[in-house]
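Accompanying notes for the structure given below.
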Amino acid sequence: MSKVDKKSDDASALHTLSRVNGSINKMSVPLLHHHLRNAGLSYDGCKLVLNRRLKEHYKRDILTECSLEHMIEKHSFPYYIIIDFEATCDESEKQDEDYLHEIIEFPAVLCCAQTGKIVDTFHSYCKPTSAPVLSDFCRNLTGITQAQVDSAPVFSEVLDKFEDWLKCHKLFGVENGVAFITDGSSDFGQFLNVQCVLHNIDYPKWARKWINLKKAYVNFYKVNDRRMTDMLHQLSITFEGRLHCGMDDAMNLAKVVLQMISDGAAFHINESLCDGKIIVVSDQKGPVNKKEYPNRVLPADDMDSVLAKFNGLNISFDGKVYDGRKKK
């Protein structure tokens, strides 16, 4: 394959990104590892995860080299709080559509997008009032004991403590300062919504919109499996703690969030609650506008250029691959 012609449209950032992405799609796992190791990036994870991680890396490098840094998607929020409630449950709920779930564990993990670190955690058990005695099924599933909920404050008091915690971090009532992330729609759309009705308190404004991690994850990595254990497995992250322990689940979900941030994901609100109903908010972009990617020349004949290094890594791997195609 000949070098990129500086005077052709082939030198545009958009076309170059398309070529590089096409080449990455054809890479074997060992070749993906080769590129990721060279970039100083993690090469843990399944092939689809490695594929997206490498694409985001070259996208950032190519846009930067083309002086198109403004096209690199930024984080919408500086902080994220992962919440994973545990609620009362029983085997009979599968047959009983009117089963009432009450929140019995309120965990939260605060993460900083810029540092990629966990900043702080909040945790409290909640005393159920409608059905104060936990079922054997619930205790065995969550590991929460009757004594723990009996000695815990009621939900309304826990909610006050949580909002005090937000205030301590200067995140209460801050519109664009923090976004909440949940493992699905139920935490805010069902459990929190019902809990507020039970205690006759207003549904908190901060929980009216959130990020459904399951949706964000499958949209970013283009995978099908969306359970927490699947996410961890695909990212080669070891689960720590007890499954269905709210605090442990929240901490493990935080690991998923931080890895996605490291891989280049930019989270956007994708669900909200309006009049008690869950509203899906699209986080998908529209068609690419080519005018947004002006024809900025990549110095492909410069051995220090991103494209030259990309080609060089392919050649150095097996001596046969050049820009995703066989050398002639």
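These numbers were taken from a predicted model, which means no experiment stands behind them. The first residue in the sequence is number 1, and the count goes up from there.
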* Heavy atoms from other residues, nucleotides or ligands near CZ of Phe267 exceed 12 (cutoff 6.0 Å) -> yes
* To do: Please check if atom CE in Met251 has more than 12 non-hydrogen atoms from other residues, nucleotides or ligands closer than 6.0 Å.
  => no
* Does the salt bridge (Lys or Arg N to Asp or Glu O under 4.0 Å) test come out yes or no for Arg52 and Glu56, once each step is laid out? -> CA-CA 6 Å; Arg52 185 57 187 261; Glu56 289 297 318; 3.0 Å; yes
* Asked: Distance-only, no hydrogens or angles: does the Gln195 side chain make a donor-acceptor pair with backbone N or O of Ile103 under 3.5 Å?
  -> yes
* For residues Ala113 and Phe77, report the shortest heavy-atom separation together with the two atoms involved. => CB-O, 3.8 Å
* Are Ile261 and Tyr217 connected in the hydrophobic side-chain network, where two residues link if heavy atoms are under 4.5 Å apart? -> yes
* Asked: With a 4.5 Å heavy-atom cut-off, do Leu100 and Leu198 have their side chains touching?
  -> yes
* Classify the angle between the aromatic ring planes of Phe122 and Phe162 as parallel (below 30°), tilted (30 to 60°) or perpendicular (above 60°). => perpendicular
* Asked: Which heavy atom in Ala254 sits nearest to a heavy atom in Ile118, and how many Å separate them?
  -> CB-CD1, 4.2 Å
* Rounded to the nearest 0.5 Å, how far apart are CE of Met27 and CG of Leu50? -> 11.5 Å
* Of the non-hydrogen atoms in Ser151 and Ala147, which two are nearest, and what is the gap between them? -> OG-O, 3.0 Å
* Got a second to check how far His169's NE2 is from Asp120's CG, nearest 0.5 Å? -> 3.5 Å
* Asked: Can you name the closest pair of heavy atoms from Val49 and Asp44 and give their distance?
  -> CG1-O, 4.3 Å
* Go through the steps for Phe310 and Ile24 under the test side-chain contact (heavy atoms from CB on, under 4.5 Å), then give the verdict. => CA-CA 10 Å; Phe310 178 84; Ile24 291 174; 4.1 Å; yes
* To do: Using atom types as modelled and distance alone, determine if a side-chain donor or acceptor of Gln146 lies under 3.5 Å from a backbone N or O of Pro132.
  => yes
* **Spacing of Cys46 atom SG and Gln234 atom CD [to the nearest 0.5 Å]** => 5.0 Å
* With the 4.5 Å side-chain cut-off for hydrophobic clustering, are Val218 and Met231 part of the same group? -> yes
* To do: Consider only side-chain N and O atoms of Glu86 and Thr142, and report whether a donor and an acceptor are under 3.5 Å apart.
  => no
* **Cluster link Trp165 to Val158, ILVMFWY, side chain under 4.5 Å** => yes
* Asked: Hey, are the side chains of Cys138 and Ile104 touching, using non-hydrogen atoms and a 4.5 Å cut-off?
  -> yes
* To do: Please check if Ile83 and Leu253 belong to a single hydrophobic cluster, counting links between Ile, Leu, Val, Met, Phe, Trp and Tyr side chain heavy atoms closer than 4.5 Å.
  => no
* Asn252 CG to Asp84 CG distance, which is reported to the nearest 0.5 Å -> 10.0 Å
* Main-chain N/O of Asn219 paired with Lys222 side-chain donor or acceptor, under 3.5 Å -> yes
* To do: Could you check if a side-chain atom of Val256 sits within less than 4.5 angstrom of a side-chain atom of Ile82, using non-hydrogen atoms only?
  => no
* To do: Inspect the surroundings of CZ in Arg139 and state if more than 12 heavy atoms from other residues, nucleotides or ligands are less than 6.0 Å away.
  => yes
* **Donor-acceptor contact below 3.5 Å, side chain Glu271 vs main chain Ile278** => no
* **Any His123 side-chain heavy atom under 4.5 Å of Pro107 side chain** => yes
* **Candidate pair Ile269 and Ile211, rule side-chain contact (heavy atoms from CB on, under 4.5 Å), full reasoning** => CA-CA 5 Å; Ile269 297 297; Ile211 297 165; 4.1 Å; yes
* **Asp263 side-chain N/O to Arg53 backbone N/O, donor-acceptor pair under 3.5 Å** => no
* **Atom NZ of Lys55 with >12 non-hydrogen neighbours under 6.0 angstrom** => yes
* Asked: Among the clusters formed by ILVMFWY side chains lying less than 4.5 Å apart, do Leu192 and Leu171 turn up in the same one?
  -> yes
* Taking the side chain as C-beta and beyond, is there a heavy-atom pair between Val178 and Val174 under 4.5 Å? -> no
* Do the ring planes of His199 and Phe155 sit parallel (below 30°), tilted (30 to 60°) or perpendicular (above 60°)? -> tilted
* **N/O donor-acceptor pair under 3.5 Å between His75 side chain and Ala266 backbone** => no
* **Spatial distance of atom CD1 (Ile72) from atom OG1 (Thr64) [nearest 0.5 Å]** => 3.5 Å
* For Asn25, does the CG atom sit with more than 12 other heavy atoms under 6.0 Å from it, leaving out its own atoms? -> yes
* **Check: Tyr125 main-chain N/O paired with Gln148 side-chain donor or acceptor under 3.5 Å** => no
* Full working for side-chain contact (heavy atoms from CB on, under 4.5 Å) between Val194 and His101 -> CA-CA 8 Å; Val194 170; His101 296 275; over 6 Å; no
* To do: Would you indicate whether the side-chain heavy atoms of Lys214 and Asp183 approach each other to under 4.5 Å?
  => yes
* Under 3.5 Å side-chain donor-acceptor pair for Lys59 and Asn21 -> no
* **Neighbour count above 12 (heavy atom, 6.0 Å) for Tyr43 OH** => no
* **Main-chain N/O of Phe137 paired to Glu91 side chain as donor or acceptor, under 3.5 Å** => no
* Looking only at atom types and distance, does a side-chain atom of Glu105 sit under 3.5 Å from a main-chain N or O of Met247, one as donor and one as acceptor? -> yes
* To do: Check whether the side chains of His35 and Asn314 place a donor and an acceptor atom closer than 3.5 Å, and report yes or no.
  => yes
* **Side-chain donor-acceptor contact under 3.5 Å, Lys47 with Asn51** => no
* Assess whether atom NZ of Lys205 is packed by more than 12 heavy atoms of other residues, nucleotides or ligands within 6.0 Å. => no
* For the atom pair CG (Asn270) and CD1 (Ile279), what is the distance rounded to the nearest 0.5 Å? -> 13.0 Å
* Would you say the side chain of Leu243 lies within less than 4.5 Å of the side chain of Asp249, judging by non-hydrogen atoms? -> yes
* Close side-chain approach of Glu65 and Asp61, heavy atoms under 4.5 Å -> no
* How close do Leu134 and Thr88 get, heavy atom to heavy atom, and via which atoms? -> CD2-CG2, 3.9 Å
* To do: Identify the heavy atoms of Ala207 and Phe188 that sit nearest to each other, and give their distance.
  => O-CD2, 3.6 Å
